[in-house]
Amino acid sequence: MPAVKKRRKPAQAIDMTPYVDVIMLILTFFILTAQFKAELAEDIQVKLPNSGNDTTKLPERNVMTLVINRFGDIFADVDNINVREDVLGDPIGLAAYHPDSTTQPGWTNPSNLNDKGEMKRPIVAFNDREKFKKLLIDFRLSSKSNVGKDLRIVVKGDKEADIGAVQDLMEIMKETKNTRFSFVTDLETDEKEKK
Amino acid sequence: MFEQVQEKYIMASVEQAEGGSEKRGRKQNKWAKRKRVGFHIDMTPYVDVIMLLLTFFIMTSTLNQPQVMQINLPKGDIESTVKVDMGNVVFIRISEKGNIGLSKGKSDGTEEQPIKVSLEQMRQYLEGWGTANKEMIMILKFHRKAKYDMMISVLDEINRAAIEKRYSFSKMEEPDFKVLEAIGG
């Protein structure tokens, strides 16, 4: 009979160690792979267009993001706080430029920019095309001196944005010799493709 | 001295749990009750917290990482123009409504009658022409009021087509509007 008793004893307290080990592994995996959304993405919401076969991933560091929202505003941002401080004079500032003089900029009403209707970051408006061009160059120069790396340029356009704004931006980029850039898109699913 | 004994007991306890030597366990029976309490650490709150953290990170992790479409604009001054043989040129015009007008240039400088195509048809035409003429150059003209979504779709179709991806962006001018009117705006 003592044999039976002995067998029961270990079963009473379940050894959780392997279970915890596995969970810790999964936890570590998610902590390491987690990517926190950039501040900018929260403040200015855009609906990304879908595309099918872009296999390149969005670069993570040293990125200059140019966001075009559906009002035709262009927002320029870099992911380095020192560069922003250096160029805009404000560590959380966000540069904005409205290329089309015939329409009103959308950023005057914060509810145009995101659902919350408030901007956490102050907008530094550029009304002059030449100044905006200088800004793009300054961002890159400042990044080179502060971080030691050149910026990669990504363009995040809203689905509903007019191509005019994108064309204006492309012209500005060409004039500032920023000829390599990428459009950010969402991966298209097969159902959407058939539309 | 005390530590030594404790260590011994821990080892014994592990062995006992595995069904090992009972001898040691019995010999140090007087220690048994006190130590056993200390040895079984209740892991439940620990696991609870870890599970919470795990849930948090699973929820916040972004699974669909945005993709990027690489674009290389030609370097050089805006004024500098490149002469190309019109016979190699294909015009892709996108109207305000999002219609696609596709037309082929002729070597004498004129161009063929534009055809209205869907995105899918455009790719098929481009693949056909692109394989027949390896020197094909696509000139994209977008109406300023057309939607950015359309631009990405067109670029995407071009990227998807099994042809040389040689294209350039060009401004839409008066004659282009007339061409687009011919296919229904």
Side-chain angles (χ1 to χ4, degrees), chain A residues 6-7 9-10 13 15-17 19-20 23-24 26-27 29-31 33-37 47-59 68 70 100 154-168 170-171 173-175 177-188, chain B residues 16-19 22 39-44 46-47 50-78 94 96 119-120 140-157 159-160 169-172:
Chain A
K6 239 186 252 164
R7 241 179 258 156
K9 254 182 198 166
D15 188 10
M16 276 186 161
T17 324
Y19 169 63
V20 174
I23 287 183
M24 279 301 261
I26 302 174
L27 183 62
F29 169 76
F30 276 103
I31 289 180
T33 54
Q35 288 184 340
F36 295 97
K37 283 179 184 170
K47 283 192 206 101
L48 291 175
N50 298 311
S51 77
N53 65 344
D54 304 319
T55 45
T56 330
K57 291 274 179 222
L58 190 68
I68 304 165
R70 62 182 200 278
D100 192 351
V154 296
V155 177
K156 265 174 121 170
D158 193 291
K159 263 183 179 179
E160 300 298 311
D162 284 350
I163 291 181
V166 185
Q167 278 177 336
D168 289 334
M170 271 161 61
E171 232 162 74
M173 300 231 273
K174 213 169 157 184
E175 285 165 29
K177 304 267 184 289
N178 292 317
T179 49
R180 280 177 65 91
F181 59 92
S182 337
F183 287 126
V184 183
T185 55
D186 261 342
L187 191 64
E188 191 171 79
Chain B
Q16 196 186 29
E18 286 164 357
E22 321 160 19
F39 184 66
H40 283 286
I41 302 164
D42 187 12
M43 275 184 163
T44 325
Y46 172 60
V47 174
I50 287 182
M51 282 302 259
L52 269 179
L53 282 175
L54 186 61
T55 324
F56 170 75
F57 277 102
I58 289 178
M59 296 292 220
T60 54
S61 66
T62 44
L63 285 177
N64 59 335
Q65 181 81 1
Q67 313 277 304
V68 292
M69 184 181 273
Q70 189 74 43
I71 304 286
N72 291 319
L73 292 179
K75 282 195 180 113
D77 299 321
I78 315 113
I94 315 297
E96 188 176 353
L119 282 169
E120 182 67 26
L140 303 173
K141 294 184 176 209
F142 296 99
H143 191 283
R144 283 190 65 90
K145 290 277 173 220
K147 297 293 171 218
Y148 173 66
D149 196 23
M150 194 62 206
M151 179 174 172
I152 293 294
S153 307
V154 170
L155 290 178
D156 192 34
E157 285 303 323
N159 283 337
R160 242 185 259 197
F169 300 97
S170 175
K171 268 195 180 144
M172 204 170 239

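Values reported hereafter were calculated over all heavy atoms of this structure, with side chains retained and with hydrogens, waters and symmetry mates removed. Naming: A, B, ... by sequence-line order, numbering from 1 per chain.
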*Asks:* If you compare all heavy atoms of A:Val20 against all heavy atoms of B:Met43, which two are closest, and at what distance to 0.1 Å?
*Replies:* CG2-SD, 4.0 Å

*Asks:* So B:Tyr148 and A:Asp158, do their side chains get closer than 4.5 Å, heavy atoms only?
*Replies:* no

*Asks:* Taking all atoms of both residues into account, what is the closest heavy-atom pair of B:Ile152 and A:Thr185, and its distance?
*Replies:* CG2-CG2, 3.7 Å

*Asks:* Are side-chain heavy atoms of A:Asp168 and B:Arg144 found at a separation under 4.5 Å?
*Replies:* yes

*Asks:* Counting only non-hydrogen atoms closer than 4.5 Å, does B:Leu155 touch chain A with its backbone (N, CA, C, O), its side chain (CB onward), both, or neither?
*Replies:* side chain

*Asks:* Which residues satisfy the salt bridge (charged side-chain N to carboxylate O under 4.0 Å, His left out) test with A:Glu160, sequence neighbours excluded?
*Replies:* none

*Asks:* Would you give the length of the straight line joining atom CD1 of A:Ile26 to atom CD1 of B:Ile50, rounded to the nearest 0.5 angstrom?
*Replies:* 11.0 Å

*Asks:* Going by heavy atoms in the side chains, are A:Ile163 and B:Lys147 under 4.5 Å from each other?
*Replies:* no

*Asks:* Roughly how far, to the nearest 0.5 Å, is CZ of B:Phe142 from CD of A:Gln167?
*Replies:* 7.5 Å

*Asks:* With a 4.5 Å limit on heavy-atom distance, are the side chains of A:Phe183 and B:Met151 in contact?
*Replies:* yes

*Asks:* With only heavy atoms counted, which part of A:Phe29 is less than 4.5 Å from chain B, the side chain, the backbone, both or neither?
*Replies:* neither

*Asks:* With sequence neighbours left out, write down each residue that passes salt bridge (charged side-chain N to carboxylate O under 4.0 Å, His left out) with B:Asp149, or none if nothing qualifies.
*Replies:* none

*Asks:* List the atom of A:Ile23, the atom of B:Leu54, and the distance in Å for their closest heavy-atom pair.
*Replies:* CG2-CD2, 4.0 Å

